[in-house]
Protein chains: 2
Amino acid sequence: MVDAQAGASGLDDLDLRLLAALVRSPGRSNKALADELGIAESTCAHRVRSLRSRGVVSGVQVVLDPASLGLPLQAVIRVRLGRHTREGVGRLFDAIVATPGVIEAFHVAGEDDFLVHVAVEDATALRDIVLQHITVHESVRTTETHLVFQRREGVGPLARVTAPSPTASGRR
Amino acid sequence: MVDAQAGASGLDDLDLRLLAALVRSPGRSNKALADELGIAESTCAHRVRSLRSRGVVSGVQVVLDPASLGLPLQAVIRVRLGRHTREGVGRLFDAIVATPGVIEAFHVAGEDDFLVHVAVEDATALRDIVLQHITVHESVRTTETHLVFQRREGVGPLARVTAPSPTASGRR
DNA sequence: GTTGAAAACAAGCACAC
DNA sequence: GTGTGCTTGTTTTCAAC
């Protein structure tokens with residue numbers, strides 16, 4: 001085997017185990033992390049800081065429950081544009097993510113141009129978002145609103161890196 | 001005015017300001033939070049614990065950068081089903097979120113049944129996900145894969161609760 | 001790159017208001 | 001529901017390996 005480097009990124013085995021532990025339980029103390037990985041606390045702290053500074057860990061996020069906030073309704077709004085100028089698309093994207101209730105938005109290729117995930121209080125609020133924040137933009141041609149029955153987190157990107165091939169094909 | 005309660009949820013003004021501060025900078029210490037809000041540390045700690053126990057704050061999440069992990073390609077896969085049995089849908093959902101590279105998945109109403117957000121290393125990996133993890137399920141009729149140019153976070157649910165009416169109705 | 005130890009810091013708890 | 005002081009534990013820093 002070459003060394004402990006993984007893939008194209010400069011992440012060694014310890015980095016990956018650290019990331020896995022971090023993702024699994026973000027609230028843990030540095031001491032607890034270090035103990036689990038069998039390394040010194042200072043080493044653990046250094047690696048975590050390094051991963052943050054390199055941008056591998058983009059950040060930490062507090063997740064709110066929309067329903068508890070009085071926003072029990074979620075939807076994905078598919079937005080299709082007419083004219084596609086670079087500035088128009090950029091300004092629309094800016095306006096979309098600045099709209100209260102918008103959780104995330106994707107600029108995608110294909111039939112649709114944007115997918116917008118929103119949480120709102122009721123159907124009226126949903127209509128108001130579409131009419132007052134989306135279709136008001138002249139570049140928007142059509143929208144389609146899809147109610148979200150359920151949203152679930154996936155195992156995430158890390159699962160592709162840590163366990164890419166269950167079939168042991170020699171070494172990578 | 002009635003009191004400091006907001007909307008249908010039992011959240012007062014301090015709770016909302018606390019949540020806003022938490023979301024803005026999740027890494028902050030309790031002391032820093034308390035100082036910003038002008039309250040005692042114990043009060044701040046109590047409120048935060050209460051918000052967590054009530055489920056308003058669902059949790060804390062470590063956000064990884066897929067590109068730094070060697071997964072520069074993101075896509076949204078739209079999945080349409082043929083047969084819609086309750087168990088079939090549930091098992092498919094389980095399988096989808098367990099697929100390495102899947103960041104999140106939505107079960108939606110309408111034309112499509114699932115929207116799956118994935119991060120992968122290249123186009124081949126994307127094809128493999130669709131063929132080996134999605135279309136292998138007999139309930140799946142068709143899929144459409146849409147490349148993600150860019151994903152952006154919205155201002156979030158809290159913005160709908162904290163600043164619903166910009167018109168100053170009395171003092172805050 | 002890793003470690004252990006000391007100093008600075010923050011969190012949790014019981015209690016008083 | 002809010003504030004205070006103490007005790008405990010944790011993060012940080014630094015010299016050294």
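So that the names make sense, note that chain A is the first sequence line, chain B the second, and so on, each numbered from 1.
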Checklist entry - Please give, in whole Å, the distance from D/dG1 P to B/Asp13 CG? => result 15 Å
Next on the checklist: For A/Phe93 together with A/Phe114, are the ring centres under 6.0 Å from each other?
Outcome noted: yes
Checklist entry - Rounded to whole angstroms, how far apart are CG on A/Asp35 and C1' on C/dG4? => result 14 Å
Item to check | Intermediate values then yes/no, salt bridge (Lys or Arg N to Asp or Glu O under 4.0 Å), B/Arg91 and B/Glu138 | outcome: CA-CA 11 Å; B/Arg91 276 188 285 108; B/Glu138 46 189 28; 5.9 Å; no
Item to check | Pair pattern of DNA chain D in dot-bracket, where unpaired bases get dots and | marks partners in another strand, Watson-Crick or G-U under 3.5 angstrom | outcome: ||||||||||.||||||
Item to check | For the student: nearest non-hydrogen atoms of B/Leu73 and B/Ala123, plus distance | outcome: CD2-N, 3.6 Å
Next on the checklist: Are A/His117 and A/Phe106, when compared by the centres of their aromatic rings, separated by less than 6.0 Å?
Outcome noted: no
Item to check | Distance in angstrom units between B/Arg47 CZ and D/dG1 P, rounded | outcome: 7 Å
Checklist entry - How long is the line joining CG of A/Asp12 and P of C/dT2, in whole Å? => result 7 Å
Checklist entry - Which whole-number value in Å describes the distance from B/Leu33 CG to D/dT2 C1'? => result 17 Å
Checklist entry - Atom CG of B/Leu14 to atom P of D/dT2: distance rounded to whole Å? => result 7 Å
Checklist entry - Regarding A/His133 and A/Asp128, is there a side-chain donor-to-acceptor distance under 3.5 Å anywhere? => result no
Item to check | Contact letters for nucleotides 10-17 of chain D, in which S counts primed atoms plus P, OP1 and OP2 and B counts the base, heavy atoms under 4.0 Å | outcome: SB-B----
Item to check | Check: B/Gly10 main-chain N/O paired with B/Arg54 side-chain donor or acceptor under 3.5 Å | outcome: yes
Item to check | Pair B/Glu104 + A/Arg151, salt bridge at N-O below 4.0 Å | outcome: yes
Item to check | Evaluation steps, salt bridge (Lys or Arg N to Asp or Glu O under 4.0 Å), between B/Arg141 and B/Asp113 | outcome: CA-CA 10 Å; B/Arg141 190 171 57 189; B/Asp113 293 285; over 6 Å; no
